[in-house]
Amino acid sequence: MQFEVWAPLTGRVAMRLNDTAYEMTPDPDPDRQGWWRVEAPAGDGDRYGFVLGDVPVVRPDPRGRRLPDGPEGLSAVVDFEALTPTGPGPLTPLQDAVLYELHVGTFTPEGTFDAAADRLAHLVSLGVTHVELMPVCPFPGRHGWGYDGVAPWAVHEPYGGPAGLARFVEAAHAAGLGVVLDVVHNHLGPSGNHLPAFGPYFTETHHTPWGAAVNLDAPGSDEVRAYLIGSALAWLRDYRIDGLRLDAVHALADGRALTFLEELAAAVDALAAESARPLFLIAESDQCDPRLTTARTAGGLGLHAQWNDDFHHALHCALTGESQGYYADFAQAPLGALAKTLTRAFYHDGTWSSFRGRSHGRPVDRRRTPAHRFVGYTQTHDQVGNRAVGDRLSASLSPGLLACAATVALTGPFVPMLFMGEEWGARTPWQYFTDHPDPELAEAVRTGRRREFAAHGWKPEEIPDPQDPATRDRSRLDWSEPEREPHARLLDWYRTLVALRRTQPDLRDPDLAAVRVAHDEERRWLTFRRGDVRVAVNLSSEPVTIALGRNGVRVLAAWESVERPDADGRIHVPGESAVVLGH
């Protein structure tokens, strides 16, 4: 078996395989300067690592596929041909997708891939098309969100390692579900990161909230880009994963003419064509920039979709009345803000942002940009977990308002995404939790989080300790909830809405310019039209009469019992309720 490693900062590299040392030699190819290689007999599970120069430390392989003992341990050989083979996933295009974001460690009490696979029948009955896994790369400790990963090619061992992920993907595909994986390219975790010893993976040219930036444009960045793109393709190729969610792409410091994101998107498109699979990339970005998903031939970056936080913020303000932080821009007229996002995708399209103290965003060309370039949601891991106590909407809203939120997201123009448990109004919080073995880092995280929320009036003792195992335990879903009220009724409503999205072609129409919205800020109602489908939500506690402007439609679904519109096209909607109408 051939082992190789990029280590341009040293004049000597040796490999330790099990108990045997092997001297490595420079690759003779002039286009592979800094690469070292060696042939050695090895099989699945054999442990290995590299010794750089005269420092007697055996470090794991930067491209290692398994870290059985965590980030500080040795790598292990993975024989992908020996893993249970996985066939292609369902050929569901992004336009028709309904995504479901889940965290492996808290989706079930066991917190493993196998346990999550045992719950896939629930997602099938819900009607979603793709499971979106939060990051699964190795990170220090056992429990965490996954955004402190340090090995972009490997799989967190406590979840089940590479074999566990392969079994999960196989089970999802067998159930008719695609799999999307959240990957982090903008930083690596604060501990357990060995990459700087091997090469210029980071650069002081740029600085980020996490310190030195990942090197995407300084000397040596060709190899760093290849490292990250190779990792991305490996998830899609070796595990048959169907798409990737790219974390915080606005934090990628990249000044090159050909950006990393363009290069990555082109590579994924090439793999999709080669494998005849509809692979896709979904970006998280706070830039409100449609160029992310504009075709490369038209001067864009060519990604396939991006999260739409503006839609979330407007809907959240309309539901809750919150106005702190970045919600301030949406809170003055939240239904107006929601109407704008439903028709123009971004609220900030060059408008003033009080939170940023400047104008922000760029307009979307609605006639050329399909609606499925944007993902819409009422809750995500960020929008729940980054709150002080990790409270979901269900902690403060009535079942009726939760039903209204679901109606807007699931019948709106964007690709909908649910966050695990929202479909039954889970009462369990989802809090920020870590398991850093380094006591100094653990204390820094603990005090930093309490300091952050103290500035917003929270007492330190009210902020959950991220390092306390109870914080993670509180964040696990309670699977007894869907079987009792009021959760069962809300779950049935979600199933009804997802089924309508599947059976009503107008609800999957990509024409953003065809969406029509009306609203009353004072009386707190909003309606929108998508082809022959009409949607009406009443966020007030009092019933309202709404003029739909058309009769002859029938009620397709209603949270509370309603009569069909009268002869003048008016419908009476009960308080905190929603109705979907069509022919």
Side-chain angles (χ1 to χ4, degrees), residues 1 3 16-18 42-50 58-86 89 102-120 131-174 179-184 188-189 191-195 230-242 244 434-437 472 476:
M1 178 177 178
F3 293 84
R16 179 66 60 87
L17 174 64
N18 297 326
D44 186 65
D46 285 347
R47 308 293 180 89
Y48 72 100
F50 301 110
V58 185
R59 304 178 189 274
D61 184 357
R63 284 174 168 75
R65 310 305 296 274
R66 185 183 174 201
L67 291 171
D69 304 311
E72 298 296 346
L74 296 180
S75 300
V77 174
V78 177
D79 181 2
F80 279 94
E81 293 184 1
L83 294 180
T84 304
T86 58
L102 71 82
H103 175 262
V104 174
T106 50
F107 186 59
T108 65
E110 299 86 353
T112 64
F113 292 122
D114 290 339
D118 289 341
R119 293 288 181 179
L120 290 177
V131 183
E132 182 173 312
L133 300 177
M134 287 175 61
V136 301
C137 292
F139 53 86
R142 183 176 182 85
H143 304 299
W145 281 17
Y147 294 94
D148 288 335
V150 296
W153 290 65
V155 182
H156 194 49
E157 198 71 15
Y159 289 168
L165 177 58
R167 289 192 299 270
F168 178 86
V169 175
E170 181 186 32
H173 286 173
V179 179
V180 182
L181 179 63
D182 194 337
V183 296
V184 183
L188 278 83
S191 65
N193 177 13
H194 296 275
L195 290 182
S231 167
L233 297 179
W235 298 116
L236 301 171
R237 181 187 60 245
D238 297 340
Y239 291 98
R240 308 293 289 178
I241 285 171
D242 304 285
L244 301 176
T434 57
D435 186 27
H436 293 299
R472 180 260 178 182
R476 294 182 297 186

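Remember, predicted model here, so these are calculated numbers, not experimental data.
Contact annotation: the side chain of H436 approaches that of D148 to within less than 4.5 Å [non-hydrogen atoms, C-beta and beyond]. A heavy-atom distance below 4.5 Å is not found between the side chains of L244 and V180. Using a 4.5 Å heavy-atom cutoff, the side chains of F168 and L133 are in contact. Side-chain contact between E132 and L102 is absent, with no heavy-atom pair separated by less than 4.5 Å. At least one side-chain heavy atom of L188 sits less than 4.5 Å from a side-chain heavy atom of P152.
Residues P135 and V184 share a closest heavy-atom pair of CG-CG2, 4.0 Å. In plain terms, the two heavy atoms of T108 and R119 that are nearest each other are CG2-CG, 3.9 Å. Nearest heavy-atom pair across A166 and L83 is CB-CD1, 4.1 Å. Of all non-hydrogen atoms in L67 and P60, the two that sit nearest each other are CD2-CB, 3.6 Å. In terms of heavy-atom proximity, A42 sits nearest to F3 at CB-CZ, 3.7 Å. Residues L17 and D46 approach most closely at CD1-CB, 4.0 Å, considering heavy atoms.
Electrostatic pairing of D69 and R47 counts as a salt bridge here, judged by a charged N lying under 4.0 Å from a carboxylate O.
Judged purely by atom type and a 3.5 angstrom limit, T112 has no side-chain atom pairing as donor or acceptor with the backbone of G160. In this structure, the side chain of D435 does not engage the main chain of G144 through any donor-acceptor pair within 3.5 Å. Listed for the R63 side chain is no donor-acceptor partner under 3.5 Å among the backbone atoms of A151.
Here Y239 and F80 bring their ring centres to under 6.0 angstrom of each other.
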**Message:** side-chain contact (heavy atoms from CB on, under 4.5 Å) for D61 and F50? Distances and angles first, verdict last.
**Reply:** CA-CA 7 Å; D61 184 357; F50 301 110; 3.6 Å; yes

**Request:** Determine, stepwise, if the pair V169 / F113 fulfils side-chain contact (heavy atoms from CB on, under 4.5 Å).
**Result:** CA-CA 9 Å; V169 175; F113 292 122; over 6 Å; no

**Prompt:** What do the steps show when you test R240 against E170 for side-chain contact (heavy atoms from CB on, under 4.5 Å), and what is the final call?
**Reply:** CA-CA 9 Å; R240 308 293 289 178; E170 181 186 32; over 6 Å; no

**Request:** Carefully, step by step, assess M134 and V104 under the rule side-chain contact (heavy atoms from CB on, under 4.5 Å).
**Result:** CA-CA 7 Å; M134 287 175 61; V104 174; over 6 Å; no

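For the atom pair L165 CG and I241 CD1, the distance stands at 5.0 Å (nearest 0.5 Å). For the atom pair CG of D238 and CD of E81, the computed distance is 10.5 Å after rounding to the nearest 0.5 Å. Rounding to the nearest 0.5 Å places CZ of R476 at 12.0 Å from NE2 of H103. Atom CG of D114 sits about 14.0 Å away from atom OH of Y159, to the nearest 0.5 Å. Considering CZ of R142 and OG1 of T434, their distance stands at 15.5 Å, rounded to 0.5 Å. One finds the NE2 atom of H156 at 13.0 Å from the CZ atom of R66 (value rounded to the nearest 0.5 Å).
Screening Y147, W235, W153 for a side-chain contact (heavy atoms from CB on, under 4.5 Å) with C137, the sole residue that qualifies is W235.
Side chain to side chain, N18 and Y48 fail the donor-acceptor criterion of an N or O pair below 3.5 Å.
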